[in-house]
Amino acid sequence: NFDLHVLSNSYIGIDQQTSVEIETLDPSALPEYKVHPDDAELDDEPTLFEEMLNAHNVEEDSDDEDSDSDDDDDDEDEGIRELSAAERKKMELQKKRQAAAGDDSDDDDDSSVEEVYAD
């Protein structure tokens, strides 16, 4: 037996409490689980999170290729390697910090502000 509590965060006085009895079945009594072929194919597809991550990296890579085209000679000497997820995240955070520091349009210069007082 379980106690079921249904609470409303919007209305007073309609909260309900009741006792619920749940009967469990032996797993051997259940039918065998079979995965539908269409569902099995979904395991090969990227998840929404993976698609977003890859789409972000593609955009970032294309920007890097344009801006780093002059440095290609240096990369050939050292060899080109794929960045790990941690390195990519670190570089992304650094870029965000640099952008925030460079684009600080909310400066503290209030010389053009006129103070108005109400009587």
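The model shown is predicted, which means the values in this text are computed figures rather than measured ones. Just so you know, residue 1 is the first one in the sequence shown, and it goes up from there.
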- Task: Taking the side chain as every heavy atom from C-beta outward, state whether Leu30 and Leu25 have any atom pair closer than 4.5 Å.
- Result: yes

For the [atom1] atom of [X] and the [atom2] atom of [Y], what is their distance to the nearest 0.5 Å?
| X | Y | atom1 | atom2 | value |
| --- | --- | --- | --- | --- |
| Thr47 | Asn54 | OG1 | CG | 9.0 Å |
| Ser8 | Gln16 | OG | CD | 10.5 Å |
| Phe2 | Thr18 | CZ | OG1 | 13.5 Å |
| Leu53 | Leu48 | CG | CG | 11.0 Å |
| Leu4 | Gln17 | CG | CD | 9.0 Å |
| Lys34 | Glu32 | NZ | CD | 5.5 Å |

- Item | Arg88 with Glu92: basic N within carboxylate O range, under 4.0 Å |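 So Arg88 does not pair with Glu92 through a salt bridge.
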
- Message: Counting only heavy atoms from other residues, nucleotides and ligands, does the tally under 6.0 Å from CG of Asn9 exceed 12?
- Response: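 No, CG of Asn9 has 12 or fewer neighbouring heavy atoms, counting only those of other groups under 6.0 Å.
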
- Task: Flag yes if more than 12 heavy atoms outside Ile22 fall under 6.0 Å of its CD1 atom; otherwise flag no.
- Result: yes

If you compare all heavy atoms of [X] against all heavy atoms of [Y], which two are closest, and at what distance to 0.1 Å?
| X | Y | answer |
| --- | --- | --- |
| Asn1 | Ser19 | CB-OG, 4.2 Å |
| Glu45 | Glu50 | O-OE1, 4.4 Å |
| Leu7 | Asp15 | CA-OD1, 3.5 Å |

- Message: Other members of the hydrophobic cluster containing Tyr11, with the 4.5 Å side-chain heavy-atom rule, please.
- Response: Ile14

- Are the side chain of Glu41 and the backbone N or O of Asp38 linked by a donor-acceptor pair below 3.5 Å? no

